[in-house]
Amino acid sequence: MRLIRIFDTTLRDGEQSPGASMNTEEKVNVARQLARLGVDIIEAGFAISSQGDFDAIRAVGGEVEGPVIASLARCREADIKRAWEALKDIPKRRIHTFHSTSDIHLKYQYRIGREEALKRSVEMVRLARSLVEDVEFSPMDATRTEVSYLAEVVEAVIEAGAGTVNIPDTVGYTIPSEFEKLIRHLFEKVRNIGQAVISVHCHNDLGLATANSLAAVSAGAGQVECTINGIGERAGNCSLEEIVMSLRTRRDYFDADTGINSGEIMRSSRLVTKITGISVQPNKAIVGANAFAHESGIHQDGLLKEKTTYEIIRPESIGLHSTRLVLGKHSGRHAFKARLREMKYELSEEEIERAFEKFKHLADQKKDVYEEDLEALVSETITKAPEKYALVDIAVSSGMSQKPTASVRLLIDGAEASRTSHGDGPVDAAYKAIAVLTGTKSTLQRFEVKGITGGMDALGEVTVIVDEDGRTVRGHGADTDIITASALAYVNALNKLAAKRK
Ligand code: KIV
Ligand code: ZN
């Protein structure tokens, strides 16, 4: 059985989804989860693109053990050197360099010929290899590149020292049978192909990213690049959960598998949704809310008799448990810590203490605390932006015959201030009071409420997207009271804006 490497690019290509930008803390949080999931490589950013990306690569490399950490770099000396600067203290590191090879890109974007593109690619792979052992090269827009030239580039970069050559379907143009043929052709024509791992990186513009990646695996590809929930540039990338579960479910067909701990898939999906604010469509394969919901009477009848009649994946195999009760109001610090350890969270004593305080507060309001509640609570604790504002209290009155009113008390740089405002509804009234207290000039772009677990006492999770002078941030808040959750989410976003302004 072949072991296919999983190269996760949620933090780089995934972050290119509109509105998905993550701060360093959030990236470290996602990277920790990717390590628990067992990905082989984490592309943590594009070092030269911004100081934020540079810092995030260093922080991820400093905090996350297990996967190789990669930085993207164009085929330019400054890019390669910046990637090296970001990676140099990380023991398991990779420089991933790329250059377009299609005539369309070379003619209109780069304004150079094929020979020059080949020369630059080889030179920059050599430079990268003089700095790190592990170098990956991507001929960008490979699926629209003339095939014999593509083979020539692949051979030359392997000769120059690339240990992985990635074949990107940059614009999501290819189709499975064609892509399989292309990969087979490379295996036949490239003399030294056995010296490198062939990878694929498929975009989803025609909804074929997973199918194309699977076709490439059939043809011999040994690495797949993908993202959690399939987020990424435009229509996104191949989704990690789809490629992993396709290979696992159809091991009989592919005779290949990955080293992914599939029980961590659901948690990874929820974390990325929460941090990026990008929701998963309900009918999304594997991680959508309806992926295991059987509606038809005939299907339900079959399932009751024998699960395999209509179920090809056991929900538990991706970490979806039927609302597993974990703790209650009487659980102490010791049980709380033990549960976090079981859930494989590695938190500092201070983070555990903060999370425990929140847990006590939650358990007072909610009889049973489920695993999903704990996940929300932990990520609240570790993704907190430095706080300029803190919500002290909120009281609202509203009803069919009453003008909605909210009284809000905030700590602003440690000093308490309060305000009462009216609005169209209780959330609007609360947001108006907070806006006056903080003097924010930002505008609210999106407001979303979700119940984390079922039932009347479910924890409500609010995500807001707020924009100020072209800076967009997401805020999150979770509470059993959705007005409080809404206020927490708004305050969280304003704290992030304040941190960005600094
Ligand atoms: O889509 C693409 O071609 C890329 C490369 C940088 C690998 O993201
Ligand atoms: Zn891409």
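For ligands, and for the atoms within them, numbers begin at 1 and follow the listed sequence.
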Notebook entry, point to check: Is the closest N or O pair between T170 and ligand 1 shorter than 3.5 Å?
Noted result: yes

Note to self: Between the side chains of K81 and D79, is the shortest nitrogen-to-carboxylate-oxygen separation below 4.0 Å, so that they form an ion pair?
What the structure shows: no

Check: Can you tell me which residue and heavy atom of the protein come closest to atom 1 (O) of ligand 1, and the distance to 0.1 Å?
Finding: H203 NE2, 3.0 Å

Next item on the list: Quickly, which of T174, D169, D13 forms a side chain to side chain donor-acceptor pair (under 3.5 Å) with H203? Name it, please.
Entry: D13

Check: What is the closest protein heavy atom to atom 4 (C) of ligand 1, and at what distance does it sit?
Finding: H201 NE2, 3.5 Å

Next item on the list: Measure E233 to ligand 1 on non-hydrogen atoms and call it side chain, backbone, both or neither using the 4.0 Å cut-off.
Entry: neither

Item checked: Polar atom proximity, R12 to ligand 1 (N or O, under 3.5 Å) -> yes

Checklist line | Per-atom contacts of ligand 1 with M140, taking only distances under 4.0 Å to non-hydrogen atoms | finding: 3 (O)

Item checked: Proximal ligand 1 atoms for P168, defined as those under 4.0 Å from one of its heavy atoms -> 3 (O)

Note to self: For a side chain to side chain contact (heavy atoms under 4.5 Å, CB included) check, start with the C-alpha distance between S239 and K284, then their side-chain angles and the critical distance, and finish with the verdict.
What the structure shows: CA-CA 10 Å; S239 119; K284 161 91 174 61; 3.3 Å; yes

Checklist line | Between Q281 and N283, a side-chain donor and acceptor under 3.5 Å | finding: yes

Next item on the list: With the Zn ion (ligand 2) as the reference point, give the N/O/S atom of H203 that is nearest.
Entry: NE2

Notebook entry, point to check: Taking the side chain from R248 and the backbone from I260, do they hold a donor-acceptor pair closer than 3.5 Å?
Noted result: yes

Next item on the list: Could you tell me the angle subtended at the Zn ion (ligand 2) by NE2 of H201 and OD2 of D13, rounded to 10°?
Entry: 90°

Next item on the list: Classify the ring geometry between Y431 and F447 as parallel (under 30°), tilted (30 to 60°) or perpendicular (over 60°).
Entry: perpendicular

Margin query: Determine whether the aromatic ring centres of residues F7 and H96 are separated by less than 6.0 angstrom.
Written below: yes

Note to self: One residue to check: D13. Relative to ligand 1, which of side chain, backbone, both or neither has a non-hydrogen atom less than 4.0 Å away?
What the structure shows: side chain

